[in-house]
There are 2 protein chains.
Amino acid sequence: MPIRSPASRTGRPRSATADAAILAATRAALVELGWSKLTLGDVATRAGVAKTTLYRRWAGKNELVVDAVAELFDELELPDSGSLAADIEGVVLQFAAILARPEAKSGLMAVVTEATRDDALRSRIRASVVDRQKRLVVEGRSRAQERGELPPETDPAAASRTEDLIFDMVAGAVVHRTLVSGEPVDEEWVRGFTLVLLRGLAGETAHPAAG
Amino acid sequence: MPIRSPASRTGRPRSATADAAILAATRAALVELGWSKLTLGDVATRAGVAKTTLYRRWAGKNELVVDAVAELFDELELPDSGSLAADIEGVVLQFAAILARPEAKSGLMAVVTEATRDDALRSRIRASVVDRQKRLVVEGRSRAQERGELPPETDPAAASRTEDLIFDMVAGAVVHRTLVSGEPVDEEWVRGFTLVLLRGLAGETAHPAAG
DNA sequence: GGCATTACGCTACGACTCGTAGCGAAAGCC
DNA sequence: GGCTTTCGCTACGAGTCGTAGCGTAATGCC
C-alpha cells in the first residue's frame with residue numbers, strides 16, 4: 001500500500017494504472033538488475049512515470065519492493081486435498097514455485113535483510129507477506145486436528161508456540177533450500193521433507209530417540 | 001580471503017594487521033549502519049587505511065562482507081555430549097547465538113541475497129560459511145548412527161539427500177525464526193524443534209521418497 | 001462553466017558514493 | 001644500494017539520491 005493521501009475526496013485522483021505499472025516495472029527491474037543495482041529512476045522510466053511520482057507514493061526502495069513482491073503471494077492458497085501430507089506438499093510446492101522466481105528471491109530476501117534494522121519495514125513485510133503464509137499453517141493444522149491426523153492442543157499458548165514452530169520449519173527449510181543451498185524444491189525433496197515433518201509432529205508413529 | 005597478489009616473494013609485504021583491522025571495521029560498520037548504508041570509504045576510515053588499499057584487496061562490498069562475517073563462524077563446534085538430542089540442541093544454540101548478532105544478521109543475509117545473481121559469490125559463501133555448518137550435520141549424524149540413535153543409510157546418494165534435508169531444516173528453521181519471525185531462539189524453542197526433528201528422523205528409511 | 005484542490009510530468013539541483021588513476025614514500029628481499 | 005610491491009593521499013568523472021519548483025491535467029463542488 002502506497003503512502004496515503006490525506007483522505008481528500010477532491011482534486012485529481014491518483015492513477016490506478018500507474019500503481020500497477022510501477023509495481024510491474026519494479027519486478028521487471030528486480031529480475032534484470034537485482035536488488036542492489038535497482039534504482040528508482042530506472043523503475044520510473046520503465047513504468048512510464050516521472051521519478052517524482054514514485055517518491056510521492058512510496059517512502060523509498062524498501063517499501064516499494066515489499067509491495068511489488070507481496071503481489072506475488074496473492075495466488076497462495078491452501079489446497080483441500082483431504083490429507084495433511086498432501087496439504088503440506090501442495091503448500092510447499094506453491095511457496096517454492098513463487099520463491100523460485102528471480103524477482104521473489106532477490107526482492108523478498110533483500111527487504112527481509114533491511115528489516116533487521118527497520119521495525120516499520122518489518123511490520124510491513126509481516127502484514128503483506130508473512131501473515132498470509134502463516135494463515136495457511138494455522139488453517140491446515142486445524143483441519144488436520146479435526147481429521148485426527150494431529151493430536152489436539154488445548155492450551156492456547158502451547159498451540160501458538162507449535163504454530164510458530166511449524167511455520168518456521170516449513171518456510172525456513174524451503175527458503176534455505178532455495179537460497180542458501182541453491183537446490184530446487186522438487187517433488188522428491190518435498191516428499192522427504194513432509195515425511196520427516198509429519199512424523200515429528202504426530203509423535204505417535206515413531207518413538208522419540210531417547211537414550 | 002582477499003585478492004591474491006601474483007605470487008611475488010619480493011617487494012613490500014601486505015600488512016596483516018591491516019587485514020584484521022579492515023574486517024573488524026567492516027563488522028563494526030555493519031552493526032552501526034547495516035548493509036545498505038555501509039560504504040567502503042567509511043570502512044577504510046574506521047580501519048585507518050586508505051580506500052585504495054581496500055580496493056586492492058577485495059573486489060567489492062560483497063566479498064569484503066563475506067570475509068568479515070565468515071570469521072564469526074570460526075567458533076562453531078560440534079559438542080560431544082553423547083546424545084544426539086543434546087548435540088543438536090548445542091549446535092542450534094551456538095548457531096543462533098552467532099546469528100543473533102546484528103553484524104551477522106544484516107551481513108550474512110545481505111550477501112546471500114546478492115549471491116542469487118552472482119555464482120562466484122555463492123561459491124565464496126559456500127566455502128567460507130555454509131560448508132563449515134554442514135560439516136557439523138554430517139559428523140553429528142554419523143556419530144548418532146554409530147550409537148544407533150539414527151538408522152544407518154547404505155546408499156550414498158540417499159544419505160547425501162538426507163544430509164541436505166537435515167541441513168536445510170536445521171539452518172532454515174533457525175534463520176527463519178531469527179530473521180523473519182523475529183523471535184529469539186531460546187532453549188524452550190530449541191527443545192521443541194529438536195523433539196520434532198528427531199522424531200521425524202528416527203523412522204527414516206533408506207528410500208524415504210518411495211511410495 | 002468556473003473554482004479550488006490534488007496529482008502529474010519535467011527540469012534542475014547539491015550532496016553523496018563509486019571505482020580508478022597517478023604520485024611520492026615506505027618496507028621488505030637480493 | 002637497487003629492485004619490487006604496497007601504502008597513503010589526492011583528485012577525478014560518472015552515477016544515484018531525494019527534493020524543489022513550475023506549469024499542466026484531472027477531478028469534485030458550486
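Protein chains get the first letters and strands the later ones, always in sequence-line order, with residue 1 at the start of each. If you're wondering where the values come from, they're calculated on a predicted model, not measured in any experiment.
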Inset, instruction - Take the protein atom CG of Leu54(A) and the nucleotide atom P of dA7(C), then report the distance between them rounded to whole Å. - result: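 It is 15 Å, rounded to the nearest whole Å.
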Legend entry - Separation of dC18(C) C1' from Leu64(B) CG (nearest whole Å):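 About 15 Å, once rounded to whole Å.
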Inset, instruction - May I ask you to check whether over 12 heavy atoms, not counting those of Glu183(A), lie within 6.0 Å of atom CD? - result: yes
If you round to the nearest 0.5 Å, how far is [atom2] of [Y] from [atom1] of [X]?
X	Y	atom1	atom2	answer
Gln133(A)	Phe95(A)	CD	CZ	4.0 Å
Glu77(A)	Glu139(A)	CD	CD	10.5 Å
Thr194(A)	Leu84(A)	OG1	CG	9.0 Å

Legend entry - Base-contact (B) and sugar-phosphate-only (S) positions in nucleotides 19-28 of chain D, heavy-atom cut-off under 4.0 Å, - elsewhere: BB----BBBS
Inset, instruction - Could you pick out which residue, Val49(A) or Lys61(B), lies toward the 5' side of DNA chain C when each is mapped onto its nearest nucleotide? - result: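 Here Val49(A) is the residue nearer the 5' end.
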Do [X] and [Y] have side chains that approach each other closer than 4.5 Å (heavy atoms only, starting at C-beta)?
X	Y	answer
Phe167(A)	Arg141(A)	no
Arg161(A)	Glu188(B)	yes
Asp164(B)	Ser160(B)	yes

Legend entry - Strand-adjacent residues in residues 20-42 of chain B, judged by heavy atoms under 4.0 Å from DNA chain D: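 When residues 20-42 of chain B is checked for heavy atoms under 4.0 Å from DNA chain D, there are no hits whatsoever.
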Inset, instruction - Under the salt bridge (Lys or Arg N to Asp or Glu O under 4.0 Å) rule, collect the residues that match up with Asp118(A), sequence neighbours excluded. - result: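 Asp118(A) satisfies salt bridge (Lys or Arg N to Asp or Glu O under 4.0 Å) with no residue once adjacent residues are dropped.
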